[in-house]
There are 2 protein chains.
Amino acid sequence: MFEFAITAQSGRARTGLFHTPHGVVQTPLFMPVGTQGSVKGLSPRELREIGSQIILGNTYHLLLRPGPERVRALGGLHKFAAYDGPWLTDSGGFQVMSLGDLRKISEQGVTFRSHLNGDLIELTPEYSIQVQEALGADIIMAFDECPPYPATTEYLKASIERTLRWLERCLKAKTRPDQALFAIAQGGVDLKLRRFSAEATVAFDTPGFAIGGLAVGEPKEGMYPAVELSTRLLPEHKPRYLMGLGHPEDLVAAVALGVDMFDCVYPTRTGRFGYALVPEGRLNLKLSRYLDDPRPIDPACDCYACTHYSRAYLAHLVRAEEMLAPRMISLHNLRYLHRLMEGARTAIQTGNYGEFAQDFAGRRFGRQIPGWFTRALQEGGHWN
Amino acid sequence: MFEFAITAQSGRARTGLFHTPHGVVQTPLFMPVGTQGSVKGLSPRELREIGSQIILGNTYHLLLRPGPERVRALGGLHKFAAYDGPWLTDSGGFQVMSLGDLRKISEQGVTFRSHLNGDLIELTPEYSIQVQEALGADIIMAFDECPPYPATTEYLKASIERTLRWLERCLKAKTRPDQALFAIAQGGVDLKLRRFSAEATVAFDTPGFAIGGLAVGEPKEGMYPAVELSTRLLPEHKPRYLMGLGHPEDLVAAVALGVDMFDCVYPTRTGRFGYALVPEGRLNLKLSRYLDDPRPIDPACDCYACTHYSRAYLAHLVRAEEMLAPRMISLHNLRYLHRLMEGARTAIQTGNYGEFAQDFAGRRFGRQIPGWFTRALQEGGHWN
């Protein structure tokens with residue numbers, strides 16, 4: 001269980017197979033976010049059809065509603081939400097940190113007020129694991145602090161050390177052998193602290209490692225050196241999960257550096273706002289120019305929206321505030337990211353990741369490929 | 001084209017096959033409402049899977065947005081909304097009448113202000129037909145007045161006469177041979193006026209007839225005699241469409257009297273509010289008692305929601321305001337009505353409609369079967 005087999009490499013990019021109790025997944029992959037136990041608007045059948053492999057559930061939200069014991073009694077997330085493929089739950093840490101004045105961090109854990117009813121709740125490493133065991137995901141995450149950006153070196157260091165102590169408590173609290181706990185390396189964009197956190201975290205030898213604390217407001221020029229260092233320090237033969245990234249260009253750049261897993265609300269959230277992902281960026285379907293456009297969002301896409309509907313119809317639905325609009329655009333956007341990762345896997349397997357990434361960049365950025373992207377490809381060994 | 005063949009009878013209830021350019025439909029049937037060219041939250045694939053046979057589009061809404069010429073240019077409703085089965089459009093009459101102070105009726109037509117942007121629009125019989133020809137449905141409806149309830153005899157009579165003159169203008173304006181225009185008999189709950197309207201309307205010999213102006217606030221004790229008289233006066237060999245009814249008990253009672261077609265936003269609207277149709281009535285999934293209920297909405301139902309989800313999960317989604325809730329409950333509610341009509345068709349074909357209707361009433365009403373329901377069965381020849 002939880003074996004990770006690397007099947008091909010192209011530069012530092014790699015494809016792998018990760019074994020979970022609910023199936024084997026192919027990496028690199030993107031995980032749709034089912035915040036409250038549902039990927040907004042989509043059914044498990046559709047998620048399967050578009051190639052979703054792991055669904056992410058949020059411990060913070062599910063803890064508040066419907067509550068972990070309820071989910072456990074109803075068969076865990078797999079049965080509760082009728083998706084019997086692999087699940088991953090986060091620890092709740094990221095969400096409670098973002099509550100700002102509503103929460104207080106101590107050595108023991110985080111005390112916060114529910115955004116739903118104001119109840120005072122204490123989330124500790126032990127309680128996070130207990131909740132995640134009740135939810136029953138295949139992969140569970142260590143309870144950590146995701147420090148804000150910017151943060152002082154002093155704050156970051158203290159936070160990393162506490163997160164390491166919390167990791168130890170998480171591992172001690174964990175009882176289910178059918179769940180893999182992934183540890184999370186932090187350190188912001190401070191490369192010294194990144195190294196310190198990664199090295200100390202790796203020592204715990206968990207079945208997978210996450211790179212946390214990025215994409216929280218720092219510039220990409222600061223983020224990518226941290227990703228690059230992290231994938232160098234994290235063990236070769238364990239999956240690497242870069243938390244919270246979902247822009248296509250970030251997936252392509254981070255895969256180049258050896259990242260295996262991603263998650264983000266971006267494709268579904270931007271879809272609900274009427275934006276459809278395409279190789280050139282995204283279409284804003286609220287614009288009147290699309291009301292007469294008979295083409296699909298993306299002629300190369302095989303999703304239900306692209307094989308059935310015109311931009312004109314979807315633009316009409318967006319304006320008319322019809323529920324089918326967010327549903328169909330979210331479906332397309334997830335399919336877009338899944339196809340992107342399918343393309344990446346094929347390119348890695350044929351040793352052409354550099355070509356794949358440069359082709360992507362040409363369509364996405366035209367002639368103005370940003371420096372951080374080019375550097376990521378160079379450091380990944382895909383661009384001379 | 002537009003042949004209607006009666007295939008079986010049980011009392012006054014009958015099954016039939018109605019031929020349209022986009023397929024043959026089995027009656028009695030219920031038509032889901034796709035107000036703005038989309039049955040809220042559902043895809044054409046799902047509508048096919050649950051047994052939907054005709055989708056209804058609203059001329060008023062589609063006229064305002066996206067506009068008839070746009071729909072025509074994009075291939076008509078069939079192509080625009082990617083549902084290539086039969087469509088029916090209403091005339092816009094019902095919606096503009098309900099605008100109250102925003103509209104003014106004259107012999108020429110109805111002048112109203114768009115609820116979207118305040119534009120002044122004149123909807124006449126000719127323009128309604130022109131719009132419906134652009135939308136391209138298989139069945140189009142005559143532009144009529146649906147008078148309010150209560151209305152004076154004087155008002156009703158003048159309204160009926162004007163509606164007859166409008167019907168004549170509609171038929172004169174109609175140019176497409178691949179669309180069937182259904183005339184609408186009015187008359188409120190005044191049986192004399194019902195007779196007058198029905199007889200005068202039938203003289204136009206359209207391929208189908210609708211019973212309009214009911215379910216607008218009158219008690220069922222007043223409505224059913226009007227339905228009973230209407231189905232007696234409308235021709236045997238033409239489909240009969242009772243407009244705007246969607247409660248299961250109304251469908252069962254009206255089929256008993258020989259009605260063939262129904263439409264209503266009820267199943268999808270009540271679904272969006274968290275109510276799920278069951279043989280006993282409806283479940284209010286907002287109630288906390290369902291949060292721990294592992295059963296499906298209806299164990300006898302074969303829809304996606306009932307074969308995948310517990311009441312507990314759906315109740316959670318309702319509380320969490322997740323989009324999947326209205327989608328799944330609407331899907332179930334439509335499937336419930338389609339299954340009800342499938343059951344009715346089978347019962348009619350085996351000559352057991354009375355038994356079917358009494359069995360339905362036993363579960364729906366228990367021992368307190370309302371008088372209007374019993375009388376409808378009696379007058380339909382299903383209950384001695």
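In what follows, chains carry the letters A, B, and so on, assigned in the order in which the sequence lines appear, proteins first and then strands, with residues in each chain numbered from 1.
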Residue A:E69 versus chain B: region with a heavy atom under 4.5 Å:
neither
Looking only at non-hydrogen atoms, find the nearest pair between B:Y309 and A:P44 and report the distance.
OH-CD, 2.9 Å
Could you tell me which portion of A:L74 (side chain, backbone, both or neither) has an atom closer than 4.5 angstrom to a non-hydrogen atom of chain B?
side chain
When you look at CZ of B:R70, are more than 12 heavy atoms from neighbouring residues, nucleotides or ligands closer to it than 6.0 Å?
yes
Over all atoms of both residues, closest heavy-atom pair of A:L42 and B:R327:
CA-NH1, 3.7 Å
Side chain / backbone / both / neither for A:A325 at chain B, heavy atoms under 4.5 Å:
neither
Looking at B:R339, I want to see if its CZ is surrounded by more than 12 non-hydrogen atoms of other residues, nucleotides or ligands under 6.0 Å.
yes
For a quick test of reading the model, state the closest non-hydrogen atom pair linking A:Y313 to B:S38 and the distance between them.
OH-CB, 3.4 Å
Heavy-atom proximity to chain B below 4.5 Å, by part of A:R45
both
Toward chain B, the part of A:A73 with a non-hydrogen atom under 4.5 Å
neither
Look at atom CZ of A:F94 and say whether more than 12 heavy atoms of other residues, nucleotides or ligands are closer to it than 6.0 Å.
no
Give, as side chain, backbone, both or neither, the part of A:Q36 having an atom under 4.5 angstrom from any heavy atom of chain B.
both
Which atom pair, heavy atoms only, marks the closest approach of A:L324 to B:S43?
CD1-N, 4.2 Å
Would you call the rings of B:H316 and A:F80 parallel, tilted or perpendicular if under 30° counts as parallel and over 60° as perpendicular?
tilted
Assert top hit (heavy-atom pairs under 4.5 Å, partner chain B, pool A:R65, A:M328, A:H308) equals A:R65
